[in-house]
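Have a look at the structure below before the remarks.
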Amino acid sequence: LCGMFFGTAVISDGVQFFQQRLRGLPRPGERTSILSVIRVLLSLGIGRSRRESAGCPIKVQVDGGIETSHTATICLASTLHRLLLGSRPYWGTEDAPLHFTVVDSNARAFWRSLWRFARGRPGKRLTPERGYFSHNAHEVRLTLDGPFVLDGEVFEAVRADGPCILTAPRTVEWIVS
């Protein structure tokens, strides 16, 4: 109710790894989750290329705009300002509550751009022409087949059932004292 996280492609792979292998550890949490992140990064870089391991065909429509097609390595959306390990992998400039990012499987300079991606600092590297897309939105429609994660739980999307519609009709402000 107070925050939402959606992910597919390598994100769902990482969550499934965590649930199958790490959830039963005595101290699960953000520190244990780093093992899932390391495992996903290794699967992207060693043994299998990004194109082989994480190409999730997906159609995207942001705020009723033109539908675009991607083969995503990473696809995520959140209402949260900070994600796992302090990352902020979005840099949209629109005034809207839902942060949405897609990294195509053929994105250029993926490894050199990983730090910029995690910090949400696009510079000249993280551009649509290079395979990096990030928007703030009120509604995102995603059409895909395969697993996706919503708030830590894995679900299965089927194109025939229609798009997954992500919205953030209201936001909650937190006061930290």
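Atom CG of Leu166 sits about 11.0 Å away from atom CZ of Phe5, to the nearest 0.5 Å. Considering OG1 of Thr79 and NE2 of His99, their distance stands at 7.5 Å, rounded to 0.5 Å. In this structure, CD1 on Ile58 lies 10.5 Å from CZ on Phe148, to the nearest 0.5 angstrom.
Of the possible donor and acceptor atoms, none in the side chain of Tyr90 sits under 3.5 Å from a partner among the backbone N and O of Phe117. Ser78 places a side-chain N or O within donor-acceptor distance of the main-chain N or O of Leu80, the cut-off being under 3.5 Å. Between the side chain of Asn136 and the main chain of Gly92, a donor-acceptor pair closer than 3.5 Å is present.
Residues satisfying the side chain to side chain donor-acceptor pair (under 3.5 Å) test with Thr127, not counting sequence neighbours, are Glu129. Arg125 pairs by the side chain to side chain contact (heavy atoms under 4.5 Å, CB included) definition with Arg112, Ser113, Arg116, Arg130, not counting sequence neighbours. Scanning for side chain to side chain donor-acceptor pair (under 3.5 Å) contacts around Ser134 gives Thr101, with sequence neighbours left out.
Between Pro89 and Leu76 the shortest side-chain heavy-atom distance falls below 4.5 Å.
Under the side chain to side chain donor-acceptor pair (under 3.5 Å) criterion, the residue pairs touching residues 61-70 are Thr68-His70, His70-Asp104, with sequence neighbours excluded. Listed by first and then second residue, the salt bridge (Lys or Arg N to Asp or Glu O under 4.0 Å) pairs that reach into residues 137-148 are Glu139-Arg141, Asp145-Arg159, sequence neighbours excluded.
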